[in-house]
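Each remark here refers to the structure printed beneath this line.
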There are 2 protein chains.
Amino acid sequence: MRLSSFADYAVVLMSAAARHCGAGAGRDPATHKHLRMNATTLSAETGIPLPTAQKLVSRLSAAGLLESSRGTGGGVRLARPPATITLADVVEAVEGPIAMTACAEMGAHDCNLESDCRIRPHMNLANDAIRAALAGVTIASLTRDIPPPFAPSEVEKQVAL
Amino acid sequence: MRLSSFADYAVVLMSAAARHCGAGAGRDPATHKHLRMNATTLSAETGIPLPTAQKLVSRLSAAGLLESSRGTGGGVRLARPPATITLADVVEAVEGPIAMTACAEMGAHDCNLESDCRIRPHMNLANDAIRAALAGVTIASLTRDIPPPFAPSEVEKQVAL
DNA sequence: GCGCAATCGGACGGATATGGTCCGATTTGA
DNA sequence: TCAAATCGGACCATATCCGTCCGATTGCGC
């Protein structure tokens, strides 16, 4: 009943990305510097190990939450406004569909007594409630509240910052 | 974001136990047969592998959800009325405290920037919502609805019943 | 009072999934 | 055209979880 550390990291990473470069923010015409973030920058800022950050960027891009540009000066940026991205989106991007029981998954019909299952509708109800809870929190809301520059939710085994 | 198969099984097992022997149901004075369920019976009825069912019984007993009696004719029964046992209780019994992030756990203070964490309160909010969703479903509600004698929620790799 | 049988309880080993590391493919800028 | 920097995917170590087994304990029958 705990989300994977990947999902946890993903939330932190998306939050950091939202703080620096919103959707549509290409490059600053004045400074001519890129507003995009790359995996290295995000890693340094959040404390997430670089390889893990790269993997997360990859998955989040594949899920359509980040837009990536390759080559020199490339990087990633949010594909949508932070207010339209929810925790449910992020979690599903890295962990797959939110389904507490295997029953609840899309095309899963492995349950041998599926038609007679009494507790399944209740499970689905709870499942929907959980998804709604996650969908109620947007990335935008995570960037508000407290000023400090960075704030990893958990960097347990990270000794040195 | 999926609960372990242990937790899934535990729900099925508790549901089966509630269907047969409610709290306080000792032995039937007429038939002189025990109303208690043992791990073997529960296993046969739910399709849960016997060793796993034993393990679940053990954990659920330790958590105070089941009362176990050893020796010949022993077995287990619900420690409380089914209406007072929720999915949250069962899940916590077998999976530990419901905490999406490591931050949210009881005595976890591993986050190196704990005081500055901006997303933690939001996570806790979502966490509470999830727990509330699970706490809203009682074991008693799982025994209603549909008549068939048994109904495992998922017995994926179980070929023969 | 004693032995037996049945049960719970904990310990061990294998398997799956996760997290971390590395190298190659691709693209932009000079 | 060359070179640098980036994303993308493949590989391996680790940890957790699941399934199996054996021992400890208790109550019944003799």
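The analysis underlying the following values was restricted to heavy atoms, covering all of them including side chains, and did not include hydrogens, waters or symmetry mates. Because the structure is a prediction, the values reported are computed rather than measured.
The OH-C1' distance, from A/Y9 to C/dT18, rounds to 12 Å in whole Å. Counting to the nearest Å, the P atom of D/dT20 and the CG atom of B/L50 are 9 Å from each other. In this entry the distance linking CG of B/L42 with C1' of C/dC8 reads 13 Å, nearest Å. Remark: P of D/dC7 and CG of A/L13 are 11 Å apart, rounded to the nearest angstrom. Taking atom CG of residue B/L56 and atom C1' of nucleotide C/dG10, one finds them 15 Å apart after rounding to whole Å. The separation between A/K55 atom NZ and D/dC11 atom C1' is 10 Å, rounded to whole Å. Between the CZ atom of B/F6 and the P atom of C/dT16 there is a distance of 16 Å, rounded to whole Å. For the pair B/Q54 CD and D/dA24 C1', the computed distance is 14 Å after rounding to whole Å.
Residues A/G71 and A/S58 both approach DNA chain D. Their nearest nucleotides, taken by heavy-atom distance, put A/G71 toward the 5′ side. Projected onto DNA chain C by closest heavy-atom contact, A/R59 and B/A62 fall at different nucleotides, the more 5' of which corresponds to B/A62.
Side-chain atoms of A/L42 and A/V76, non-hydrogen and from C-beta on, do get closer than 4.5 Å to each other. You'll find the side chain of A/K55 stays beyond 4.5 Å of the side chain of A/P51, heavy atoms only.
A donor-acceptor contact closer than 3.5 angstrom is absent between the side chains of B/S5 and B/D8.
Remark: B/S5 is in phosphate contact with D/dC18, judged by side-chain N or O atoms under 4.0 Å from OP1 or OP2. Between B/S68 and C/dG9, a side-chain N or O to OP1/OP2 separation shorter than 4.0 Å is present. Under 4.0 angstrom from either OP1 or OP2 of C/dG20 there lies at least one side-chain N or O belonging to A/T52.
Remark: side-chain polar atoms of B/H122 are paired, donor with acceptor, to backbone N or O of A/S141 under 3.5 angstrom. Side chain of B/S43 to backbone of B/I48: a donor-acceptor contact under 3.5 angstrom is found.
Closest to the side chain of A/N38, out of C/dT7, D/dG8, D/dC7, is D/dC7. Across D/dC18, D/dC7, D/dA4, the shortest atom-to-atom separation from the side chain of B/S4 is found for D/dC18.
No hydrogens or angles were tested; on distance alone, a donor-acceptor pair under 3.5 Å links the side chain of A/R70 to the base of C/dA25.
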